[in-house]
Amino acid sequence: MRAMILDAPGWPLREATIPIPVPQAGQVLLRVRACGVCRTDLHVADGELAHPKLPLILGHEIVGIVQARATGAERFPVGSRVGVPWLGWTCGECAYCRSALENLCDRARFTGYQLDGGYAEYAIADERFCFAIPDGYDDLKAAPLLCAGLIGYRALVAAGAGERLGIYGFGAAAHLVTQVARFQGRRVFAFTRPGDAAAQEFARSLGAAWAGASDKPAPEPLDAAIIFAPVGALVPVALRAVAKGGTVVCAGIHMSDVPAFPYEILWGERVVRSVANLTRKDGEEFLALAPHVPVRTEVEPYELERANVALERMRAGNVRGAAVLRCGA
Ligand SMILES: [Zn+2]
Ligand SMILES: [Zn+2]
């Protein structure tokens, strides 16, 4: 099969032809149709996340067709369409796994990081961590639901039920979360890089009540804010924007250092928290909700061998919505 391989952090991905992987007990072999490109992929490729499997196939927003099933894999029939998210395996035994926090499992393994992902024509996955994909989304448009969508959804839940929601960084996750927040009757305030008129216009087109630069104050106090940009300096900015009792959610897996800030901007029972990974329950809930909103994904498609181009466009902040690879074996 063709695959894009990360040989070492800091290197561009290398196009290669390698053997089709063989599913082990409980796993399915998928013919990959599409795979989303996530900011986390950049963090892995750049070496900001330690100890990836190497060589590695990136990609944890996989939409594929079940081609074969190993012993014990009976959940999805051959020919059915499934999605593979970031959470690829958990131990099922630790205190986190036993308390509905499998996203924090001490021994969790992640797709496209410790397990090979979907920048390839085929992939294998543990069927227990796969999702059925809602009808009505073609392969390319379904892919971003699997990380941008469902981790964005986890962040939205963590932000609480407040009506005035700030979103910092308007990429793939933000464009989906905005639609869910609007559906829930909230008002969305979108903060982008200063001067990024295209992203601000995009946010308004999705129903944001206000869009502007992150170096400007919010037009009114917010009840909560979600930071999708990997920029620690936005934490005190968002804290200043939220009202007493408000929550600031850091939704990315990696962030530059958070600068020191005066206690008074945390005072008043403001909360800063992170959101890590996903649970299977998050995925089931979000994928059931998405068609009702309905969440519409805006995608920039790329052929598999152009994965490096997609990653660089995302690094530069130039992707409108989500970049998705067409893997189609
Ligand atoms: Zn565990
Ligand atoms: Zn992701």
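All ligand and atom numbering here is 1-based and tracks the order in the structure. We're numbering straight along the sequence, starting at 1.
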Near the Zn ion (ligand 2), which protein N/O/S atoms fall under 2.8 Å? C38 SG, H60 NE2, C147 SG
Pairwise side-chain contact, V324 with Y302, heavy-atom cut-off 4.5 Å (strictly under): no
If you look at every heavy atom in R320 and E201, which pair is closest and at what distance? NH1-OE1, 3.5 Å
Note on the Zn ion (ligand 1): protein N/O/S atoms within less than 2.8 Å are C91 SG, C94 SG, C97 SG, C105 SG
Does the pair F228 and R39 meet the rule for a side chain to side chain contact (heavy atoms under 4.5 Å, CB included), with working shown? CA-CA 10 Å; F228 288 117; R39 167 66 65 171; over 6 Å; no
So does E285 pair up with K281, basic N to acidic O under 4.0 Å? yes
Supply the atom-to-atom distance L311 CG to R313 CZ, rounded to the nearest 0.5 angstrom. 12.0 Å
Return the CZ to CE distance between R306 and M4, rounded to the nearest 0.5 Å. 11.0 Å
Would you say R164's side chain and P221's backbone share a donor-acceptor pair under 3.5 angstrom? yes
Let me confirm one number: the CD-CZ distance from E305 to R326, rounded to the nearest 0.5 Å. 10.5 Å
Nearest atoms (heavy-atom pairs only) where G36 meets Y119: O-CE1, 3.9 Å
